[in-house]
Each structure stands twice: as C-alpha cells, then as structure tokens.
Amino acid sequence: MATPLSDTPLSLKKIAVVGLGTMGTGITEVLVQAGREVVGIDVDEAQAARALAALETSTARSVERGRLTDAERTAALARLRTATDLTAAADADLVIEVVPESYEIKHQIFRELDGVVRPETILATGTNALSVTRLAADSARPERVLGLHFFNPAPAMKLVEVVSSVLTAPQVVAAVTDLALELGKEPVAVGDRPGFVADGLLFGYLNQAAAMYEARYASREDIDAAMRLGCGLPMGPLALLDLIGIDTARTVLDAMYAESRDRLHAPAPILKQLSEAGLTGRKSGRGFYTYEAPGSATVVPDPLTPAADGAGVAGREVRSVGVAGSGTMASGIAEVFAKAGYDVVLAARSEEKAEAAKARIGTSLARSVDKGRLTAEAAAQTLERITPAGSYDAFADVDLAVEAVAEDLEVKRQLFQALDKVCKPGAVLATTTSSLPVVACARATSRPQDVIGMHFFNPAPAMKLVEVVRTVLTADEVHATVREVCRTVRKHAVDCGDRAGFIVNALLFPYLNNAVKMVEEHYATLDDIDAAMRLGGGYPMGPFELLDVVGLDVSLAIEKVLHREFRDPGLAPAPLLEHLVAAGCLGRKTGRGFREYARR
C-alpha cells in the first residue's frame, strides 16, 4: 500500500548517488559543493576510489581557478563518503541512480532500495532513454519515483530534466525541482517518453546525420562543418556521436523507436555496424573519426580524411561577378565579393532597386567602419567596385553570375533562361537556392554543365558557410572554380549533392518540426523546450526562437519540400505550424509567431 504524502515540504539533505562513473561522480561533486551530505555507492570498490580521486582533483582545480577556497574544498570533501553496498543509502532523503542503461540493472537496484530506504525517501533515475513509468510501476512506492536527468559534465551543464510519470506525486516533483534550483541548475519539467526533451530532439537529428553520411551524400568533415558554421553549434553531429558513444546513441534511438515507430528514430544501420565492431567513438579510439588513443579528443588522419584543397582539376579564372537580386541576401553576397576585390555588377529589375541595394551595402560597410572592422578607405573602395544595373544585360562580361532572387522555381527558371542568353560562353552560373532543385535551373539553360549551387547563409557577410551543390550535369572545372572563389572570399565551402535541404536544412528542419510536435502533444512548454536545447544541446537559440526568426512561412515551405522529396511520414509538417502560417502568424516579422513581439 502506498504511503500517504503530507503537505509538508520535503527536505532533501542527505543524498545517495548509486553508480560512480563519469556522470555519478559529476553529480556527486555538484551535491557536496552545494552543502549536501552524500554517500557515493558503487559495487566496484576500485571505481569508488577512482571517483573520490577524481573529485579531489577537480575540486583542487576549482581552488586554483578561484571558484572555491581551500576551506570550502575541505568542507565539501568531508561531506562525502563512499560505500559498495546499497544499505549505505538507508538514511538518505533522496537516492539518484546513474547505473548503466539497462532495465534489468535498474530494476534490481530499485527492488533492493525498496527494502533499504525509509518509506518517505525519493528514488530518482538518471536514465535518458528508458521509461521512468516502467521503473516506477515495479517499485513498492511508485508515487516517490521520478527521473532526474543531468547532462554531462554535470558540474558545468545547467540543464536538469525533471521527469514525472503518471504515478509521481506532485510534492515529489516540487521537492526535486527545488533541489535543482538550489544546486544552481535550471530544471525543466517533462513527461515520460524516451529521450525526454533535449535527447528526444537531439538524437533524431544525430541519427539523420549518421544516415546522411552512410548514404555518402557528404563527407563526415563537411556534415560537421556545415552544422557548426551554418547553425552555430559547438560540435558537428558525427563528432558529437563519437563523444556521446555510438553504442549509447544506438540504445537511446532503439528506445525512442520502440515507442514512436517514427522512421526518423530507427537507428541508422551504420550505428549498429560501428557498435558491433567496437568502434564506439572517442572511448574506443575510433568511431566516425579516428583518435590519437582511446579516450583522446585529438582526431588523427585516417584513410577517409579528405585531401587538402587545391589538388585536382583547375578552375576557370574569375575576375568579375554578377549578382542578381535586390534583397538582403543579394546585397550581402555582393558585399562579400566586393570586399574580396572582385568587380561586382548588382542587377535588379529596375535601376532604382539596384541603387537601393547598393545603398544598403553602403550602410552595412559604414557599420563595419564604426565597429573598427574596416577602415573608411577600404569601405569606400569596396563600394566603388559595385556597379548597380537595372537589367541583366549588364552581366555580358561577368565570369560568375550568382542569382539571389525569390525562392520560386518558375522565377529562377526564367532568370536562368535570361542569363543563358546574356552571359558569355564559359561563365559560371550559380543559384543561391536553399531548397529548390539546382538541376531544374540548369535545365533552363543550354549549358547545364556550367550551372552549380552556391548556398550562402544569411547574413552573408557574417556567415562563413557556403554549401556548394553539384548536379549530375555540373562540370568538374565549374566545381573547382566555385571552390576556389569560396576560398578567395574567405568562406568555408562544403560539398553536397542536389537534393532537398542540402546538408543544413535537411538536418535542421526535421529537428524544428519535431519540437513543434512536442508542443502539439502538450509534452512540454515552448519555454522549457527552448531552455532544454540551449542549455542541454548547446544551441545558440531554442527551436521556437529560431522558427520565429527564420519565419514560420519560410520554415513551412522548406518542410514541405523535404516531405515531398523524401516521402517520409515523419517529415510531414506539424499541423500547428500550418495553422499558425494560415493565421498570418509568421514570427518576428509579423509581431507574432510562437511568441508575441513588440511592434517596432
């Protein structure tokens, strides 16, 4: 029979941590530094000793860095004792288990704890993949069981997911949430499903990146660079999989797929192959990349490491560039080329639009001068290199023509037909499309071998990434030309094939779509999901912040293209996104999207 809970606030002063691996040791450090009495329990006495030594080292480092005093360090270590038997948890107010991700092991721990701890003790599982409800249901006191998911490294990472099942008592959730706040963490409340919020969104994205690499669509280096530079992420997805452990990722995805049956969560076959070969990432010394030694973070060259740029086919000479369009992207691209020393023709549908685009560049350059990034002389020279034109006839002598007009296939086809007539033989014709087929633009010309994709990211002067998109018809020397141009304008080029979303959008927008589905299902709030991805995933913006910045209409259009091309039900745009777009709630630009914004 369940023990009734009183309305008295639960006090969590004495805490047991079961499992003293990396995560258990990190949680223990956080607790003792926050003034809690902790018993660290591990069946392996040597592991318990290693954990204690690690704490002594890390706290000594904190003293050296001025984060702790000697007295605080001594007091913190005095609050810790270690044991090898669960009976040591008998007087704990809270037990946090962080043993391996196995139902069998965790069930055994919980069964033994039922016979050891007091009736009012809270039992928390640190799982990031297994069902908290299933673990709670087999406990003698399911109302006192919940999930407490810290992120690695626990002392540094602010996010803690507090996971309640349908059986968890509200007072228990409140007590653990208060504890997380007292530890200096930012708790988010989530329901019980595999991966919770942060890992639930993160691992689907990692799985798609693994599948993209497995399909040989892009190199591991280009996939990782694209997501770092295109999305501002601290690590690329394949490097992150190696850090997490490919076997761990496979376990999480298996659990997610078992519940969702969403193909996006079905582990990519390469994850199974690498795991079963023992190539689990950094910890084994080899995964997607090869490392200097097991446990090392230093990547070393291997047979898959690409050759240095500059080898192979010679490109064509490019001295002048034409940029078609008058919007933000067109003016940004023109600024990039002019800064790099190219003569630029900026052509729009009218002389007035082209002049306005040049004026926008002048304003941008003036800001750079004000911030000390550019001299006034360099800004003036840059602006002088740009010639505005009201007709594409002005592209007659350019060596490279780059279009940055509306993201509409018919509009782009018509423009490429015009460029085909105007541009000289041998000129490279490039599209900046982010979602449309490059080959469709190429087929609108009589020289499809000269057409390629150059997908710049907004704002073009600041963003370092360019996705270089070859079609099956693109000539090798055209590809080499654009790679060389990217080096000249100091952009990082990544190669990919001509399919929807290229690298960045193909990985980013399913993640954003899945976040919307979480809100639709009332699984977590907008604020908690955004906080979880910023604090737990290292994203510069949460998914709903980003959707509102990009524009919900733009996001929906890209998601429709991805769904149409890949025909995967899991890529179908979330109905909530479609409803908001239909209502005219498009994000910051309209003052309302997922959130409301002050009118300017």
Side-chain angles (χ1 to χ4, degrees), residues 14-34 36-64 68 73-92 94-113 115-117 123-130 135 148-157 242-248 251 275 278-287 291-298:
K14 296 180 180 179
I15 300 173
V17 177
V18 180
L20 294 177
T22 302
M23 181 60 82
T25 302
I27 293 170
T28 299
E29 180 177 345
V30 171
L31 292 167
V32 294
Q33 288 195 25
R36 296 307 192 275
E37 290 182 37
V38 180
V39 55
I41 304 171
D42 200 292
V43 291
D44 183 345
E45 192 169 349
Q47 181 59 45
R50 284 193 292 272
L52 187 56
L55 280 172
E56 289 173 347
T57 300
S58 63
T59 51
R61 196 179 303 121
S62 293
V63 171
E64 289 172 10
L68 283 179
R73 175 179 183 259
T74 301
L77 292 174
R79 287 189 283 269
L80 171 65
R81 62 189 175 93
T82 60
T84 57
D85 193 282
L86 287 176
T87 55
D91 62 346
L94 166 68
V95 181
I96 305 171
E97 71 76 14
V98 270
V99 299
E101 289 289 272
S102 158
Y103 274 120
E104 291 71 25
I105 296 173
K106 291 182 187 290
H107 275 307
Q108 183 181 346
I109 296 287
F110 274 70
R111 278 195 299 269
E112 289 186 36
L113 286 171
V116 169
V117 300
L123 303 181
T125 172
T127 184
N128 70 335
L130 305 180
L135 292 168
L148 191 57
H149 181 213
F150 287 80
F151 287 73
N152 199 22
M157 298 293 280
D242 276 356
L243 175 62
I244 291 167
I246 292 166
D247 51 342
T248 302
T251 299
S275 296
L279 307 179
T280 54
R282 284 192 190 180
K283 60 189 174 186
S284 71
R286 187 176 160 198
Y291 298 87
E292 199 170 48
S296 171
T298 304

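The basis for the numbers below is simple: all heavy atoms, side chains too, and nothing from hydrogens, waters or symmetry mates.
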Does the Arg73 side chain pair with the main chain of Glu56, one donor and one acceptor, at a distance under 3.5 Å?
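Yes, the answer is positive, given that a donor and an acceptor are paired below the 3.5 Å cut-off.
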When you measure from the side chain of Ser58 to the backbone N and O of Leu55, does any donor-acceptor pair fall under 3.5 Å?
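Answer holds: yes.
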Do other residues, nucleotides or ligands put more than 12 heavy atoms under 6.0 Å from the CZ atom of Arg36?
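Correct, the count exceeds 12.
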Enter the distance from [X]:[atom1] to [Y]:[atom2] here, rounded to the nearest 0.5 Å.
| X | Y | atom1 | atom2 | answer |
| --- | --- | --- | --- | --- |
| Arg50 | Asp42 | CZ | CG | 8.5 Å |
| Leu135 | Tyr103 | CG | OH | 6.5 Å |
| Ile41 | Thr28 | CD1 | OG1 | 10.0 Å |
| Thr74 | Arg79 | OG1 | CZ | 10.5 Å |
| His107 | Leu130 | NE2 | CG | 8.5 Å |

Is it the case that the side chains of Arg111 and Gln108 hold a donor-acceptor pair, with the cut-off being a distance below 3.5 Å and no angle test?
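No, Arg111 and Gln108 have no side-chain donor paired with an acceptor closer than 3.5 Å.
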Would you please say whether a donor-acceptor pair under 3.5 Å links the side chains of Thr127 and Glu101?
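Note: Thr127 and Glu101 side chains meet the donor-acceptor criterion.
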Note, [X] side chain near [Y] side chain (heavy atom, < 4.5 Å):
| X | Y | value |
| --- | --- | --- |
| Thr298 | Tyr291 | no |
| Thr82 | Glu45 | no |
| Val17 | Val39 | no |
| Phe110 | Glu97 | yes |
| Val95 | Val117 | yes |
| Thr125 | Leu148 | no |
| Val98 | Phe150 | no |
| Thr84 | Val43 | no |

Looking at every non-hydrogen atom in both residues, tell me the closest pair between Leu20 and Thr25 and how far apart they are.
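In this case the closest contact between Leu20 and Thr25 is O-OG1, 3.2 Å.
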Should the pair Asp242-Arg282 be classified as a salt bridge under the 4.0 Å nitrogen-to-oxygen rule?
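So Asp242 does not pair with Arg282 through a salt bridge.
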When you check the gap from the basic side-chain N to the acidic O, do Lys283 and Asp247 get nearer than 4.0 Å?
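Yes.
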